[in-house]
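Only heavy atoms go into these numbers, but all of them, side chains included; no hydrogens, no water, no symmetry mates.
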Amino acid sequence: MPSDRSARDDWDDWKDLLKVAEVRDARVHDGRHTAGTLLIEQGAHVRTVQEILGHSDIRLTQRYTHVASPMAEDGMQRMGRALWDANLDPN
């Protein structure tokens, strides 16, 4: 059964939500990127993010998600521990 909602309804809801949250104006597309990145940062598997965002191709999902600096730092520390002494103090 087709939905009674239109893309314009979604856009209007998004804009209302931004106002209520008192955050800067942004495109729905920007919100999708943010959602994908936050899910990855919280440990969600990329396939889960793919399902939530409704992508048919995992490559599109990977383009929607971004690695934040804390995640990169954590990855580098893990690699250091794997390659060198697990008790090595990086400082």
### Task
Please say whether more than 12 non-hydrogen atoms of neighbouring residues, nucleotides or ligands are located less than 6.0 Å from CD in Glu51.
no
Same cluster or not: are [X] and [Y] linked, directly or through other Ile, Leu, Val, Met, Phe, Trp or Tyr residues, by side-chain heavy atoms under 4.5 angstrom apart?
X: Met76; Y: Trp84; value: no
X: Val28; Y: Leu53; value: no
X: Val20; Y: Trp11; value: no

Approximate separation, where rounding is to 0.5 Å, of [X] [atom1] and [Y] [atom2]:
X: Leu17; Y: Asp10; atom1: CG; atom2: CG; value: 11.5 Å
X: Trp14; Y: Asp25; atom1: CH2; atom2: CG; value: 9.5 Å
X: His66; Y: Leu38; atom1: NE2; atom2: CG; value: 10.5 Å
X: Arg8; Y: Asp13; atom1: CZ; atom2: CG; value: 11.0 Å
X: His29; Y: Thr34; atom1: NE2; atom2: OG1; value: 10.0 Å

#### Entry: salt_bridge(Lys15, Asp12) N-O dist < 4.0 Å
no
### Query
Is Thr48 close to Leu39 at the side-chain level, that is, under 4.5 Å between some pair of heavy atoms?
no
### Atom of Ile40, atom of Val46 and distance for their closest heavy-atom approach
CD1-CA, 4.0 Å
### Sole residue of Thr65, Thr61, Asp57 in side-chain contact (heavy atoms from CB on, under 4.5 Å) with Gln50
Thr61
### Query
Is the Tyr64 ring parallel, tilted or perpendicular to the His55 ring (thresholds 30°, 60°)?
tilted
